[in-house]
Asks: 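My questions will all concern the structure given below.
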Protein chains: 2
Amino acid sequence: MRRFAIDRRTRATAVNSLRRSLCGGFSSFSYSHPYSSSANSAMGGPAAASSPSPSPSPSPSSSSMNGPASPVSLQNINPKVLKCEYAVRGPIVTHAQRLQEQLQTDPSSLPFEEILYCNIGNPQSLAQQPITFFREVLALCDHPSILDRQETHGLFSADAIDRAWKILEQIPGRATGAYSHSQGIKGLRDTIAAGIAERDGFPANSDDIFLTDGASPGVHMMMQLLLRSEKDGILCPIPQYPLYSASIALHGGTLVPYYLDEATGWGLEISEVKKQLEEAKSKGITVRALVVINPGNPTGQVLAEANQREIVEFCHKEGLVLLADEVYQENIYVDDKKFDSFKKISRSMGYGEEDIALVSFQSVSKGYYGECGKRGGYMEVTGFSRDVKEQIYKVASVNLCSNISGQILASLVMSPPKPGDESFESFTAERDGILSSLARRAKALEKAFNSLEGVTCNRAEGAMYLFPRLHLPAKAIKAAEALNVAPDAYYTHRLLDATGIVAVPGSGFGQVPGTWHVRYTILPQEDKIAAVVSKFTAFHEALIAEFRD
Amino acid sequence: MRRFAIDRRTRATAVNSLRRSLCGGFSSFSYSHPYSSSANSAMGGPAAASSPSPSPSPSPSSSSMNGPASPVSLQNINPKVLKCEYAVRGPIVTHAQRLQEQLQTDPSSLPFEEILYCNIGNPQSLAQQPITFFREVLALCDHPSILDRQETHGLFSADAIDRAWKILEQIPGRATGAYSHSQGIKGLRDTIAAGIAERDGFPANSDDIFLTDGASPGVHMMMQLLLRSEKDGILCPIPQYPLYSASIALHGGTLVPYYLDEATGWGLEISEVKKQLEEAKSKGITVRALVVINPGNPTGQVLAEANQREIVEFCHKEGLVLLADEVYQENIYVDDKKFDSFKKISRSMGYGEEDIALVSFQSVSKGYYGECGKRGGYMEVTGFSRDVKEQIYKVASVNLCSNISGQILASLVMSPPKPGDESFESFTAERDGILSSLARRAKALEKAFNSLEGVTCNRAEGAMYLFPRLHLPAKAIKAAEALNVAPDAYYTHRLLDATGIVAVPGSGFGQVPGTWHVRYTILPQEDKIAAVVSKFTAFHEALIAEFRD
């Protein structure tokens, strides 16, 4: 336990590194809502105080770095860029990278041996192995000239070779190095549409599929399409994945927050959504869309079917586009919940193309595959008129197309090996091994958080995160306030300095004012979970002891 | 020749397909400059007349497609999206795709056997083969578990295996499926910086490199950073690659055009740039940056060193960011020109970080590699203060990172096999074979265009395009006007209907008012060039005969 006790040296390091971060701008832990002071306070006290104003005043020293001739400075760049924040890669990560360099040059200078990145859903960075079949197919498509070589049969499974041939046949001229149709290769979109239809039991159309470099560019495209000015709003859950707040800020719209109810397992109450919609309308905001993240990020809940039906009904009635972030659709860890797409729900309610505008985002980065670096994904765009879809196509075409390997992988994810295929058994073992291990890790971490003094944690039903709430002693909150940082940012900073664990403060996602949280991924490899638990437990106990009232 | 004669049936088809395109919006062949009527007329007469107004009025039939409940229509989407145009994937391509489908179902219904896509620099779609060494390395990095298998040595070259190992060592945890640093993997950026330094003879810093999914996202990021409102302008060459006009429109700025001088081989006259800068200033526009495309797209010229020095001097003096599109740096086809990067030029003038803000864009899609589908590229950002670079990093981080295969490929392109490597000879043969063939094709097409009645064509010194000027008979121009389309759009449409050749009208790139051009890529495979020449020659002769005064 000695190494986790917070001695004078560690405290001094923590305070110094916090001061450094403050100079670099701790504001990244927050975002502001332009139209509503109550929304502003969603960030919670001190963090909101340090959030960037539309016209920030950087210190003269930094703006003069380039001498008087520099034509670009913080004073004259696009204020929307300044306003945009992205906590999961914010200052806590920059600080972690500094510590990592320090570990390399002077390993004994820190009270831990490695940095453990629990800040982001990046499974393979924490040693999750890729699905063999997927990688076989990708490699063969990259270098098709080995496809008919004898040695290839010794190195690759027969169905991977078959699949690579089939995919190459779907690519005009077999040219994996050519720009494709801007929505993605037609044959691959057909495969994906068939996968969606099989998943949902309702038809899907390849013309509705837009393949993208991960899910993020699809979200940006929709925000770009819908947001005309700050008078246009998007309803987003709070807490939310900060892609949404960042994208809304970059495209100059207004985030209209609705709060998830922590007391009911991060429940989505339609009455709350309706209240926020009315409040926004009363302030002159035209609300264009509702974002739902299911399974939830950072909150890990899985929506009940009845709740999804209410949401569909609400969007239908209010004329809102339903933006459904469904990238964690394979990540379900409890027996009493299952994933249903919003498309399936709306179709099963009898709502067709004419009744609801619905965009579903999917990614190759999550699920059991976790292929973040491949940047593959798609959005399924339904309920939009042909002329509006042509505008989406036009915006997609300005960037020509998404990367072909990512496109291929998206088709594989929606059409994995089937019974009878040579790889089926090994594929199933790999997939189930990853998912069942994730479920065990989620359970173990949830239990550990709930056993900490002053910490409560809803169960992780899905996705890759836990979002425990911190009930911090008043003295700890005062210590944070003295440094002008949010208490949860103070906590994660101290956690990093003491243990090497990188987690993201709740203020980066938004939370009910006066509450404090931390988002941890459940991704550390299973054999490290016990050590992670003992590290954060020791840290937490020492911190509580330090500040006990 | 019979099949190229424009008989009644073909003319009827052309007119009908033009009418169809008009209904779908021929406006895509133009863009408008918000601040200047003279700039507006850069599109030339009739096309400008059909360019979209900021508040277009789509036909009621299209907006009612989804019934009254549809929450999204052309009337309420972001007008910046409506305004954005991207000609190289515009209506001419949509029409080509329709004809391609028609060819499949009813081959005898059209006077050609195949569609030849000369609209876009997409070499591998026209059967250019990828560089073997690059693909070997990509395949091995995709599926590293075969790296130490015996069979692998029979399938892959030794230096590809070595390189894959080296690259994997540069990737934290060897995880090619993990998100990387948002600027790209540090080790790959080091390789790229070393490649730039070797190319230029001046140092390059990996912290200045931002790896991107092709060059386009880098251009978008810079536009997003620099453009605050329509009062901010970007100086762009006319003709220009429409990524620039599209990106400026999407980010709400103003394109400030400067004309390249066709009479001096698409010369870039500083006096013209200065004149346009002053005119913009007098209209209250703050000009933030100057775009230079070298080698030129769509114009194919290569700037002389003295000209580059003038440009650097101008940007330095006027406090403009120099946005240097250098994606065709390997595509030089004449002995009297060579490529020098703007960074090399500025450093050789003694200008350092403090003196000029310079962004160089590079892509894996062009050069001899032509790996468009891999979506790899980078921008080298120099002369920006640390705090502004942090803002660029933040925007990059919202999309997490560019795809890792594209990152690897960008490092390979900037560090290809060297003498002594097993692949060096075959690599050199592949590279030189492609580049010398491109030079021969450029020469053959240039000669053919110049031999046509009423066509003049500057030489293709570099890049992948020729941009011949059409001096059309008055009757042809009247025929186009009767359909309310630009004469060059009319010409390319008729060309497609008669020959299957897809080329882009000059009005998609901008041109001096009253002049008409067509952009053709030089990419059809060499054994097809003679047939292409005879097709467009016969078409052109028939068209001229049809409309001879």
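None of the values given here were measured: they were computed from a predicted structure. All values below were derived from every heavy atom in this structure, side-chain atoms included, with hydrogens, water molecules and symmetry-related copies excluded. Each chain gets a letter, A, B and so on, in the order the sequences are listed, and its residues count up from 1.
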Asks: In residues 123-132 of chain B, which residues are in contact with chain A at a heavy-atom separation under 4.5 Å?
Replies: B:Gln124, B:Ser125, B:Thr132

Asks: Between B:Tyr117 and B:Asn122, is the side-chain contact (heavy atoms from CB on, under 4.5 Å) condition met? List the steps.
Replies: CA-CA 9 Å; B:Tyr117 288 96; B:Asn122 194 6; over 6 Å; no

Asks: Side chain, backbone, both or neither: which part of A:His220 has a non-hydrogen atom closer than 4.5 Å to chain B?
Replies: side chain

Asks: Can you tell which of A:Leu225, A:Thr152, A:Asp232, A:Leu140 has the highest number of heavy-atom pairs within less than 4.5 Å of chain B?
Replies: A:Leu225

Asks: Sort A:Gln150 into side chain, backbone, both or neither according to what part of it lies under 4.5 angstrom from a heavy atom of chain B.
Replies: neither

Asks: For A:Ser145, which atoms come within 4.5 Å of any heavy atom of chain B: side chain, backbone, both, or neither?
Replies: neither

Asks: As an exercise: rank B:Val398, B:Val388, B:Ile404 by heavy-atom pairs under 4.5 Å with chain A and give me the winner.
Replies: B:Val398

Asks: Check each atom of A:Leu227 against the heavy atoms of chain B and say whether the ones under 4.5 Å are side chain, backbone, both or neither.
Replies: backbone

Asks: Would you mind checking which part of A:Asn399 comes under 4.5 Å of any heavy atom in chain B, side chain (CB onward), backbone (N, CA, C, O), both or neither?
Replies: both

Asks: In terms of heavy-atom pairs under 4.5 Å with chain B, which of A:Ala246, A:Gly154, A:Gly173 leads?
Replies: A:Gly154

Asks: Given that the side chain runs from C-beta out, which part of A:Tyr369 has a heavy atom under 4.5 Å from chain B: side chain, backbone, both or neither?
Replies: neither

Asks: Under 4.5 Å from any heavy atom of chain B, what part of A:Val395 do you find: side chain, backbone, both or neither?
Replies: side chain

Asks: Identify the heavy atoms of A:Ser365 and A:Arg375 that sit nearest to each other, and give their distance.
Replies: OG-NH1, 3.5 Å

Asks: Is chain B contacted by the side chain of A:Tyr393, its backbone, both, or neither, given a heavy-atom distance below 4.5 Å?
Replies: side chain

Asks: Between A:Cys315 and chain B, which part of the residue has a heavy atom less than 4.5 Å away: side chain, backbone, both or neither?
Replies: neither

Asks: Could you check which of B:Val81, B:Leu155, B:Thr286 has the highest count of heavy-atom pairs closer than 4.5 Å to chain A?
Replies: B:Leu155

Asks: Can you tell which part of A:Arg288 gets under 4.5 Å to a heavy atom of chain B, answering side chain, backbone, both or neither?
Replies: side chain

Asks: Heavy-atom distance under 4.5 Å to chain B: side chain of A:Asn76, backbone, both or neither?
Replies: both

Asks: Of all of A:Gln391, A:His251, A:Gln407, A:Glu371, which one pairs up most often with chain B through heavy atoms under 4.5 Å apart?
Replies: A:Gln391

Asks: Answer whether the closest heavy-atom distance between the side chains of A:Lys374 and B:Asp142 falls below 4.5 Å.
Replies: yes

Asks: Measuring only between side-chain heavy atoms, which start at C-beta, is B:Val287 closer than 4.5 Å to B:Glu318?
Replies: no

Asks: Relative to chain B, which segment of A:Ile356 carries a heavy atom at a distance below 4.5 Å: side chain, backbone, both, or neither?
Replies: neither

Asks: For each of A:Leu320, A:Leu409, A:Leu250, A:Leu243, tally heavy-atom pairs with chain B at distances under 4.5 Å, and name the one with the top tally.
Replies: A:Leu250

Asks: Need one label for A:Tyr244: side chain, backbone, both or neither, based on atoms under 4.5 Å from any heavy atom in chain B.
Replies: neither

Asks: Is it true that A:Lys394 and A:Glu390 make a salt bridge, defined as a side-chain N closer than 4.0 Å to a carboxylate O?
Replies: no

Asks: What is the minimum heavy-atom distance between B:Leu74 and B:Leu82, and which atoms define it?
Replies: O-CD1, 3.5 Å

Asks: Between A:Thr176 and chain B, which part of the residue has a heavy atom less than 4.5 Å away: side chain, backbone, both or neither?
Replies: both

Asks: Identify, with sequence neighbours excluded, every residue that meets side-chain contact (heavy atoms from CB on, under 4.5 Å) alongside B:Ala289.
Replies: B:Leu226, B:Ile234, B:Val321, B:Leu323

Asks: Looking only at heavy atoms, which two atoms of A:His143 and B:Phe156 are closest? And how far apart?
Replies: CD2-CE2, 3.7 Å

Asks: CG/B:Leu138 to OG/B:Ser405 distance, rounded to the nearest 0.5 angstrom?
Replies: 5.5 Å

Asks: Counting heavy-atom pairs under 4.5 Å with chain B, which one of A:Leu400, A:Val219, A:Ile392 comes out on top?
Replies: A:Leu400

